[in-house]
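First comes the structure, then the notes that go with it.
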Amino acid sequence: MRAVLRYKFATVAAITLMIGAAWYIDSRHVGAENFWKRKYYTLRNDLSSSLSDEWYRTWHTRLGIGAEGGKALYGEFCSSCHQPGGRGSNLQVAVLPRASTDEALARIIRHGIPSTDMRGSALTDPEVWQLVAYVRKLGKSGSRSTQAGDPRNGRLLVHSEKGRCLSCHSVRGEGAFDGPDLTRVGLRRTPSYLRESLINPSSDIAKEYAIVTARTANQTISGMRLAEDTFNVVLRDRTGVVHSLPKSDITTLTEARLSPMPTYSWLSQKDLDDTLAYLVSLQ
Amino acid sequence: MKPYILAVALATLPAVCQVTNERLLNAVAEPANWLTYSGAYNSQRHSSLAEINRSNVSRLRVAWIYQAGNGQRTFQATPLVVDGVMYISEPAKVSALDARTGRPLWTFNRPLPETVITCCGLVNRGVAILGNSVFVGTMDAHVLALDIRTGRMRWDTVVADHLLGYSVSAAPLIVEDKVVVGVGGGEFGIRGFLDAYDAATGKRVWRTYTIPGDGEKGNESWSGDSWKTGGGPTWVTGTYDPELKLIYWGIGNPGPLFTGKSRRGDNLYTCSLLALDAATGKYRWHFQFTPHDEHDWDANQVPILIDRGEGEPRKLVVTANRNGFYYVLDRVTGRFLRARSFVKQNWASEIDAKGRPVPSATFSPSLRGTAIYPGAEGGTNWQSPTYSPRTGTFYVTTREEGMLYFQRDDRPYRPGQFFMRGSHITIPGEKPHGSVLALDAWTGEKRWEFPLLTTSWAGLLSTAGDLIFGGTGNEEGNFFALDATSGKPLWQIATGGEVRAAPITYQVAGKQHVAVAAGRNLMIFSLP
């Protein structure tokens, strides 16, 4: 009897160890440089050829098992943009506006978002679902309250004569359109990106808001670039007038390296925190 | 002959042959028509029509528009024009249109099966014509013959199993009494080949694999069994030299695409130009542009035949390759004569005297990503180049774009599934763009460059009006004319859709017309 129990224990221990080892290697992911890793991946791929997308989805997201592997993938493929300070959208939010469901998120990871910097990937099915699991975990970890500061005071600053933000930006239809709309900026940008933008606005200028100057034989026009192709450029100047110019008439076309936005480094630490708290709350 | 008399003649004499081999051989001499994908067997895509020229092109205007059916993102076909009738293909459809007004004369529809395996959407790039038949390939890897007068199907031959990833998007090439057909599927671990079918019956006359089999010469350039899933597709229409009786065809990438560890060796005849005997399909010579490619640098470009050289003209075949180099080869022997880079490249430190590249430190993709120029779409791609015998210049739409190439080890071959083992992204912070580039056809030296704001997939056309017609890409959608000698833009129109096809020109009712597919429209232009 005892021998049988010991045998059973050994079997259970061995299986547990194997699963643990597999889990560990899976979480380390990617490289597959050494022999055992390669063996493991070969085995997993042979297994995976008989598995469906749905299976991976269940395994990695519903059971939350893929997040560790997803973290490594995230570091490799996503973090250059979706990092603190990167211009990728803030993923540490409860609801991603373009990916409210896991399927939608998986679709974006696979195919990207047209007309944005977000590109598709050539990740395998299990990798996609590992990433989905990790991004969901990020969403749970972040919360609005992590940004220190008083958003009510921040709102006053942004909307008042002190900040004058709405002379260029807009929030829920209020303000101007010479800078990016801030209505949902807390979703689109990370808090550290927003902080950097307030202190050093030229560190990253959204392409469509850069000031472009076109010189022709008899005039000089500066404004935002509304459209451009090989033969034409369309600018909107500060007064809102739209200028459509054939490039054959343009002698020089230059894009300002400095943002038209002034720095807010003169704000007190408290005001800066409050402003950020307000911007982050704009979701 | 008036068209209606011709119609009556055809109705009463079914044996009348519309497009004979003689006409195809002398296509250059009848510029009113556009008889083959690249205009003539030399594939120069040059027309001797000159009614539209540098002095009046600014007055060019739309003559008519044909709208493609639903179900395709962009129209990519080159139309053919025979005696006042235009033949145009879409992925599941072929139409005959009155070339003067655009009125449809007949339409052939063929639904595609539910599962079609393609890398890049549903695409058809054109038809071929011989006698009274129109030949077209399909995305489920069939080749069909249609009656040129009614659009009724004459025969339907299966080229390959489309569930393994094979497809036929390229226009077939007529060689004597045969229909030569290339296949796509390089992303799916196919074993590529070129086929020739009897134009009358649809029976296969020969098949030449682009990857030599067990025991054949060249097979030793593949480690183990890797040749069985080695790729080597033939998805862009080739060229034929009727004097030498040789077919020149560009061969695509090896599989898996981005990690070459499992296929050590040069991987012949991927990323090569292959010269085959027209009658038998037998191998004559090859030239490999990129041995052991790991970048998706298919040699699926249209090779152009020119007779040039220092002193005595030599029989040459020239091509701007996806790997970023322009090549001049002897088309009799395949001997390498010269190469010169035409876009930024960092993968080869030099091309040696035999034409073999010396790889640089940044040749291979890596786990963390290697920045390689040009990118996976190449310094150019399938977009047709053109050669003007009037200027001795080779014109090509280029792409300036580097990519971070990633290697992955972990995906085994599975029939009909992507067999990539890697991926790529545009180098962060860089903005891909392009140009129309004019190269001295013999030296490869740049004569002029017309910069394009973004990358373009538009092919080119040169005419005796000393014009180069071209187009811009997805974010722009202009169709334009440049001065062939200076590159100066002379005319352009916003088409409202990406130009992802090559323009042609023809004459109907005494007037020169220019046709190009843009977005979902086929647009035809003429002078008022």
Side-chain angles (χ1 to χ4, degrees), chain A residues 25-26 29-34 37-51 69 72-73 75-81 83 86-88 109-110 112 114-115 117-127 204 207 225 227-234 244 246-248 253 255, chain B residues 187 256-259 261 367-369 376 403-415 417-429 431 433-436 450-456 458 470-480 482 488-495 499:
Chain A
I25 297 170
D26 213 11
H29 196 76
V30 187
E33 282 94 356
N34 71 43
K37 260 192 196 173
R38 274 205 303 280
K39 275 274 175 254
Y40 167 73
Y41 279 110
T42 313
L43 192 73
R44 201 189 67 175
N45 280 319
D46 288 348
L47 189 71
S48 69
S49 57
S50 59
L51 298 173
L73 290 164
E76 188 165 7
F77 295 104
C78 317
S79 62
S80 61
C81 295
Q83 63 182 335
R87 73 181 309 184
I109 291 170
R110 284 186 174 120
S115 319
D117 290 339
M118 175 69 198
R119 290 164 197 285
S121 65
L123 296 173
T124 61
D125 296 341
E127 288 169 340
D204 184 38
K207 189 175 165 285
R225 178 167 27 205
E228 184 177 3
D229 68 21
T230 296
F231 300 90
N232 301 285
V233 64
V234 184
S244 173
K247 285 189 179 172
S248 54
L253 186 68
E255 183 176 312
Chain B
E187 287 76 14
L257 273 73
F258 301 110
T259 303
K261 276 186 239 167
L367 290 171
R368 297 276 147 208
M403 283 185 179
L404 279 179
Y405 284 77
F406 297 95
Q407 195 182 75
R408 312 299 301 279
D409 246 353
D410 51 358
R411 190 151 224 197
Y413 169 78
R414 283 182 227 150
Q417 295 202 17
F418 276 107
F419 190 44
M420 313 289 268
R421 293 203 182 150
S423 60
H424 47 76
I425 58 168
T426 299
I427 293 174
K431 193 176 167 295
H433 56 279
S435 71
V436 174
F450 178 70
L452 303 177
L453 186 70
T454 58
T455 54
S456 164
T472 59
N474 198 17
E475 296 158 43
E476 304 184 64
N478 315 84
F479 181 52
F480 58 79
L482 308 177
K488 199 172 150 252
L490 300 175
W491 170 82
Q492 70 90 20
I493 184 172
T495 67
V499 180

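Lettering of chains follows the sequences in order, A, B, ..., and the numbering in each one begins at 1. If you're wondering where the values come from, they're calculated on a predicted model, not measured in any experiment.
Distance check, rounded to the nearest 0.5 Å: CG of D229(A) to CG of N478(B) gives 4.0 Å.
Every residue meeting the ring-ring contact (aromatic ring centres under 6.0 Å, His included) condition with F231(A), not counting sequence neighbours, appears here in chain and number order: F450(B), F480(B). Residues that satisfy the side-chain contact (heavy atoms from CB on, under 4.5 Å) test with E475(B), not counting sequence neighbours, are T454(B).
Heavy atoms of F406(B) lying under 4.5 Å from chain A belong exclusively to its side chain. Looking at K488(B), neither its backbone nor its side chain comes within 4.5 Å of chain A, counting heavy atoms on both sides.
Listed here is the closest heavy atom pair of K247(A) and L453(B): NZ-CD1, 4.1 Å.
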